[in-house]
Amino acid sequence: MRTTVTFLWPDSPPPPAQAYVRALLFDTHGNVMADWRIAPVPGQPVMIDSGGDGPWRASIGRDGVLALYSCCDEPSSPEKLPHNGRLFPLIDWRSADGRIATLHSDQFNYLHGTAEPQRFTEIVVLETIEERNALILLNGESMQPACALRLFATNGKGEVLESSHDEAMLPFSTNRIELGLLFPHFAAFCDGKPATISGRFESTGLYTRPYVETTGKRWGIHHAGDVYRWPALPYFRHALISGEVNPAAVRHDAHTRTWVNILHSHDGHDEDVTVDVTLYDAEGRCVARRPDWCIARRNGLVRFDVADLLPAPDDPFQGHIALNFAPAAGAAVPCHLQALMEYRSAGSVARMMTWSDEWNSRIRLARRARVAEPPVFGAFSRVLADPHLETEFAVTNAGHAGYQAVADVTAHWRGKNGERASSHFELAPFATLFCTLAQLFPGLADPQARAGVVLIESESDLASMAFTRCARGTTLSAEHFMALFTLHQGELLAPAGS
């Protein structure tokens, strides 16, 4: 297996001279195999490739844990936060037989002295004879005691299994928990239908989100979430913007089907809520609008195939789906609508978590209109130098009902070795641009031999994703772009959906 880790230093604000990343590579026993320091270069991606040259070269062929410490020798400040906060790197796993899986790491903040356990959520698995599932926990500096993690599995009938992981977790260890071993007869319990997994982790000095890996006939990996305590959104705030929107790209063809898993597992609102669904094609035309399509049930799961919405499900389709709450008049709604997107193909299952937000809402549009220079929001994804891989980007000009603005978009290529390129395009309301690196930057020579990142910038709120397929295999990976903070008039702003 080959691992590539990618992160990006923001262009603005410039990093303080004292900012750096310390990288430590540990073996499976927690021993340090490599230790090096990475200096920031604004706008320049950092790519750590286990199969390439670097301080880790002597450890090639050995498994372990890479720990990245975002550091600054001076006290923190708002200007330095984007450089010494969480790095949110993108991670790619590639195998020699053409399999690829992509996720972003949302692993660790060290919360020394915290007394509250973590509660895991946003895990949906389909356990069968052909597909098996496991949680992977990467531990940090502190030993985690045996039975600190307790997991709960809920099937489609509402039945629940529970069990504890009875092994201690050593510092900087990889802990793989096979659900089929933890829960006896788990496939029979699931009975061919999806199950949700939740957990309670009495961790010590650690904030982590487990990886969820599917193996067998299909392969894929994504990171789970933890339960937030969000206040419910009052009805008047919901109605003011016609409800928050949760947009995500859709691929439907002979190789890939798109499924949507709607969850309602965060604290703050205990009532079931109806959900509206709208489907747009790549040009931004509405091809299906389903009011009251389904009900997001408290701590439950609603799952559907996007093909059920298509007027011609046998034809290929590209576009995006938009989800929003549709409460009764006067009723509050959860703070955000949770959707775990799932892209299934013959050899892979790529999952990606999305939340609703104010995507180009009338309030956000009004704020932009009041300032001479509105903030420009950015997000990035990576490109791997591999002639057998092709990454396709999906950039959506998402919005609420009645949205009519055309988005002016700038795309930047930031190569690993310093090469740069830019392009500009416009996106109609609700339109999605699906394009490869070569299509986005026509003048870029030999694009499949280049490694780096694509940075998308706009004053509009864009929902962007990257899909990567290997020509030698049947796997597809999917991950959303990683948001970058924007410093605007002394305030740090994050793009919608982040």
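What's counted below: heavy atoms across the whole structure, side chains too, no hydrogens, waters or symmetry copies. From a predicted model like this one, the values you see are computed outputs, not experimental measurements.
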Heavy atoms, side chains only, cut-off 4.5 Å: are Y280 and V287 in contact? no
When you look at NE2 of H255, are more than 12 heavy atoms from neighbouring residues, nucleotides or ligands closer to it than 6.0 Å? no
Do E159 and K157 pass the salt bridge (Lys or Arg N to Asp or Glu O under 4.0 Å) test, and can you show the C-alpha distance, the side-chain angles, and the key distance before you say yes or no? CA-CA 6 Å; E159 300 167 334; K157 301 175 183 177; 5.0 Å; no
Flag the pair F481 / I456 as yes when at least one side-chain heavy-atom distance between them is below 4.5 Å, and no otherwise. yes
With F325 as reference, evaluate E244, H264, H238 under the side chain to side chain contact (heavy atoms under 4.5 Å, CB included) test and give the passing residue. H238
Are any side-chain N or O atoms of S458 and backbone N or O atoms of D408, one a donor and one an acceptor, separated by less than 3.5 Å? yes
Test of ring centre spacing under 6.0 Å for H104 and H480: yes
Of T6, T102, T4, the one forming a side chain to side chain donor-acceptor pair (under 3.5 Å) with D92 is T102
On a heavy-atom basis, which atom in G216 and which in R132 lie closest, and how many Å separate them? CA-NH2, 3.6 Å
For the backbone of N360 and the side chain of H400, can you confirm whether one donor and one acceptor N or O come within less than 3.5 Å of each other? no
Using the six-membered ring wherever Trp is involved, compare the ring planes of F467 and F434 and label them parallel, tilted or perpendicular (cut-offs 30° and 60°). parallel
When you check the side-chain N and O atoms of T214 and R351, is any donor under 3.5 Å from an acceptor? yes
Under 3.5 Å side-chain donor-acceptor pair for S422 and H412: yes
Closest approach of D305 to W259 (non-hydrogen atoms, all atoms of both residues): N-CE3, 3.5 Å
Does the R251 side chain pair with the main chain of F317, one donor and one acceptor, at a distance under 3.5 Å? no
Nearest non-hydrogen partners of Y343 and M352, listed with the distance: OH-CE, 4.4 Å
Please lay out, stage by stage, how E131 and K217 fare under the test salt bridge (Lys or Arg N to Asp or Glu O under 4.0 Å). CA-CA 6 Å; E131 288 185 32; K217 180 179 179 180; over 6 Å; no
Nearest 0.5 angstrom please: S198 OG to F152 CZ, how far? 6.0 Å
Please tell me whether S265 and R119 have a donor and an acceptor in their side chains that are separated by less than 3.5 angstrom. no
Point-to-point distance, once rounded to the nearest 0.5 Å, from CG of L310 to CG of D281: 10.5 Å
Judged by modelled atom types alone, do T354 and N246 share a side-chain donor-acceptor pair under 3.5 Å? yes
Looking only at side chains, do H266 and H336 share a donor and an acceptor under 3.5 Å apart? no
Do E491 side-chain atoms and H488 backbone N/O form a donor-acceptor pair below 3.5 Å? no
Tell me if the aromatic rings of F304 and W293 count as close, with their centers under 6.0 Å from one another. yes
Taking the six-membered ring where the residue is Trp, are the ring centres of F183 and F189 under 6.0 Å apart? no
L182 and S164 have their tightest heavy-atom pair at CD1-O, 3.5 Å
Count the heavy atoms of every other residue, nucleotide or ligand shown that sit under 6.0 Å from CZ of R237, and state whether that count exceeds 12. no
Among side-chain atoms of R209 and Y211, is any donor-acceptor pair under 3.5 angstrom? no
Given the rule in the side chain to side chain donor-acceptor pair (under 3.5 Å) test, do E122 and W355 qualify, once you have shown the distances and angles that lead to the verdict? CA-CA 11 Å; E122 298 173 345; W355 289 348; 3.1 Å; yes
Below 4.0 angstrom, N of the basic side chain to O of the carboxylate: do R298 and D272 qualify? no
Out of curiosity, Y235 OH to L240 CG, how far, rounded to the nearest 0.5 Å? 11.5 Å
With side chains defined as the heavy atoms from C-beta onward, is the minimum distance between T208 and F201 less than 4.5 Å? yes
Spacing of OH belonging to Y403 relative to CG belonging to L365, to within rounding of 0.5 Å: 6.0 Å
Distance from L389 atom CG to I100 atom CD1, nearest 0.5 Å? 4.5 Å
Spacing of CD1 belonging to I123 relative to OG1 belonging to T121, to within rounding of 0.5 Å: 7.0 Å
Please examine the side chains of M353 and Q338, heavy atoms only from C-beta on, and report whether any two atoms are closer than 4.5 Å. yes
Do the non-hydrogen side-chain atoms of M482 and S498 ever get within less than 4.5 Å of each other? no
Above 12 or not: heavy atoms from other molecules or residues under 6.0 Å from CD of E271? no
Nearest heavy-atom neighbours spanning T475 and R99: OG1-CA, 3.3 Å
Criterion salt bridge (Lys or Arg N to Asp or Glu O under 4.0 Å) on R289 and D276, from CA distance to verdict: CA-CA 8 Å; R289 177 169 285 121; D276 290 348; over 6 Å; no
Going by the angle between their ring planes, with limits at 30° and 60°, are F430 and H320 parallel, tilted or perpendicular? parallel
Can you tell if the side chain of V454 reaches within under 4.5 Å of the side chain of W413, non-hydrogen atoms only? yes
Under a plain distance cut-off of 3.5 Å, with no hydrogens placed, do H424 and T410 share a side-chain donor-acceptor pair? yes
Less than 4.5 Å apart, side chain to side chain, heavy atoms only: is that true for L340 and V260? no
Thinking salt bridges, do E392 and R469 make one under a 4.0 Å N-O criterion? no
Determine yes or no for a side-chain-to-main-chain donor-acceptor pair under 3.5 angstrom, with T274 supplying the side chain and D292 the backbone. no
Can you name the nearest heavy-atom pair linking P334 to L233, along with the distance? O-CB, 4.1 Å
Below 4.5 Å, heavy atoms only, C-beta onward: do M341 and N261 meet side chain to side chain? no
Establish, from distance only, whether the side-chain atoms of E213 and N133 form a donor-acceptor pair under 3.5 Å. no
